[in-house]
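First the proteins, then the strands, lettered A, B, ... as listed; each starts at 1.
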2 protein chains.
Amino acid sequence: MSQSGKPRRGGDRAEGHVFDGVDRRILDILQREVDRPVTSIAEEVGLSPTPCWRRIKRLEETGVIRARVALVDQRLANVPMTVFISVKVPSHAKTWLDDFRALIEAIPEITEAYRLTGDVDYILKVVVPDIAAYDLVYKAMIERMDFSQISSSISMEELKFTTALPVDHL
Amino acid sequence: MSQSGKPRRGGDRAEGHVFDGVDRRILDILQREVDRPVTSIAEEVGLSPTPCWRRIKRLEETGVIRARVALVDQRLANVPMTVFISVKVPSHAKTWLDDFRALIEAIPEITEAYRLTGDVDYILKVVVPDIAAYDLVYKAMIERMDFSQISSSISMEELKFTTALPVDHL
DNA sequence: CATGAAAGAATCTCTAT
DNA sequence: ATAGAGATTCTTTCATG
């Protein structure tokens, strides 16, 4: 994968900007260690510091780089448990969805939420210290809203977690 | 949630270190903008720069802060599509799991993978440019390994995505 | 128009009080 | 906690090909 077979045309995006292999390599580095000095990155991609710095700055200004964040260890932050909640909606009224959005935003333990195709309507990723804390989240949800169905799956093991998007498609 | 009702005892972790409310506030900031100057963070949490800097450094050394990374926009990086793959395993042999781990590691489009309780054994998060690219990932998987069952759900909408863990449990 | 060199500003890192 | 020195990095400007 990550090799579609199509010839690379330079990777023009919707916004009209063109990225090349050097941009990809810069992003690949920044997605793993954003505190690397520009000179070090420049060296690795075979550029002098100034043009490299300009590329990074442009990647920020165009929004390709959305944010620079610290990733925190789940266990050391006392939220070692990850639970996935599958939700079916009881109503397709707009008010229900609005309430659901507000609920999701209000609960920091819910770190991800997606609306899906298929028989499950939404999937939520929840991080908590333990089952008891998860139960509090669960209760808070069903107290505030109606659900047609909710089912939980506990993550027994995280095999992979990366925030680095594949860059080969750029 | 995120308020368990128990009195805060300072939040001693497994490693024996004690975090307080200031550490929580620092982490909360760093999880959103890691490039904030130390002096600015110090000001916000009501500390002078030096002790604030020392706290941040300790958070790094103890591994609470795992990494500092750039978050890239999915759409602008040409991987706007998110797909969740549910997998059931055909065999509980160790070799199968080893192969599965290697497969997951080898495919950069698979950004997350978890082993779950319940009827689904694993769930994978995959980011790709489009259906065609997804199909390549899918084919690469079933060509390399056997699965008892695979089912895909396409994300129609990302309601929430944050890498910031809740800090109230620390 | 992109590159490379270099100067000034800001920040980081650590020491001393 | 504060002050501050020295090193590093960032950001901009300018000359060059």
Side-chain angles (χ1 to χ4, degrees), chain A residues 8-73 76-77 163-164 167 170, chain B residues 8 10-11 15 17-73 76-78 163-164 167 170:
Chain A
R8 295 250 99 262
R9 302 140 306 135
D12 32 24
R13 286 289 66 65
E15 277 56 31
H17 192 69
V18 176
F19 302 100
D20 61 8
V22 177
D23 284 312
R24 280 196 282 277
R25 292 179 63 194
I26 290 175
L27 277 179
D28 202 35
I29 295 170
L30 256 26
Q31 283 194 117
R32 297 168 208 286
E33 16 175 6
V34 79
D35 49 354
R36 273 271 290 277
V38 178
T39 52
S40 164
I41 299 172
E43 199 177 324
E44 182 166 334
V45 302
L47 235 52
S48 63
T50 308
C52 183
W53 178 83
R54 265 196 281 264
R55 280 171 184 266
I56 293 172
K57 176 138 212 201
R58 196 180 49 197
L59 288 168
E60 280 167 352
E61 284 167 350
T62 55
V64 177
I65 296 178
R66 283 190 332 180
R68 296 161 173 259
V69 304
L71 297 184
V72 168
D73 184 281
L76 296 181
T163 54
V167 293
L170 240 178
Chain B
R8 296 248 100 262
E15 277 57 31
H17 193 70
V18 176
F19 301 100
D20 61 7
V22 178
D23 283 313
R24 280 197 282 278
R25 292 180 64 194
I26 290 174
L27 278 179
D28 201 36
I29 295 170
L30 255 25
Q31 283 195 115
R32 294 167 210 288
E33 16 174 6
V34 79
D35 49 353
R36 275 269 291 276
V38 179
T39 52
S40 163
I41 298 172
E43 200 178 323
E44 183 167 334
V45 303
L47 234 54
S48 60
T50 307
C52 183
W53 178 81
R54 265 197 280 265
R55 281 172 183 265
I56 293 173
K57 176 140 212 197
R58 196 181 48 198
L59 288 168
E60 280 168 352
E61 284 168 350
T62 55
V64 178
I65 295 178
R66 283 191 332 181
R68 298 161 173 259
V69 304
L71 298 184
V72 168
D73 184 280
L76 295 181
N78 197 30
T163 54
V167 293
L170 241 180

Close N/O contacts between protein and nucleotides 10-17 of chain D (under 3.5 Å):
| from | atom 1 | to | atom 2 | distance (Å) |
| --- | --- | --- | --- | --- |
| D:dC10 | OP2 | A:V38 | N | 3.0 |
| D:dT11 | OP2 | A:W53 | NE1 | 3.3 |

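Between A:R58 atom CZ and C:dA2 atom P the separation is 8 Å, expressed in whole Å. Atom CD of A:E43 is separated from atom C1' of D:dT9 by 15 Å (rounded to the nearest Å). Regarding A:L47, its CG atom lies at a distance of 10 Å from the C1' atom of C:dG4, rounded to whole Å. To the nearest angstrom, C1' of D:dT9 lies 12 Å from CZ of A:R68.
Closest approach of B:Q31 to B:T163, counting heavy atoms only: OE1-O, 3.8 Å. The minimum heavy-atom distance linking A:A70 with B:I65 is given by the pair CB-CG2, 4.1 Å. Minimum heavy-atom separation, A:R36 to A:E44: NH2-OE1, 2.6 Å.
A rotation axis mapping the C1' atoms of four pairs onto the next four is fitted at both ends of the helix from C:dC1-D:dG17 to C:dT17-D:dA1 over five pairs, and the angle between these axes is 10° to 10 degrees.
Panel note: side chain A:R24, backbone A:L170; a donor-acceptor pair is recorded below 3.5 Å.
At least one side-chain heavy atom of A:R55 sits under 4.5 Å from a side-chain heavy atom of A:L47. Between A:R58 and A:D23, the closest side-chain pair of non-hydrogen atoms falls below 4.5 Å. Using a 4.5 Å cut-off on side-chain heavy atoms (C-beta onward), B:L27 and B:F19 make no contact.
For the pairing with B:I26, the side-chain contact (heavy atoms from CB on, under 4.5 Å) check across B:D28, B:L30, B:I29 returns one residue only, B:L30.
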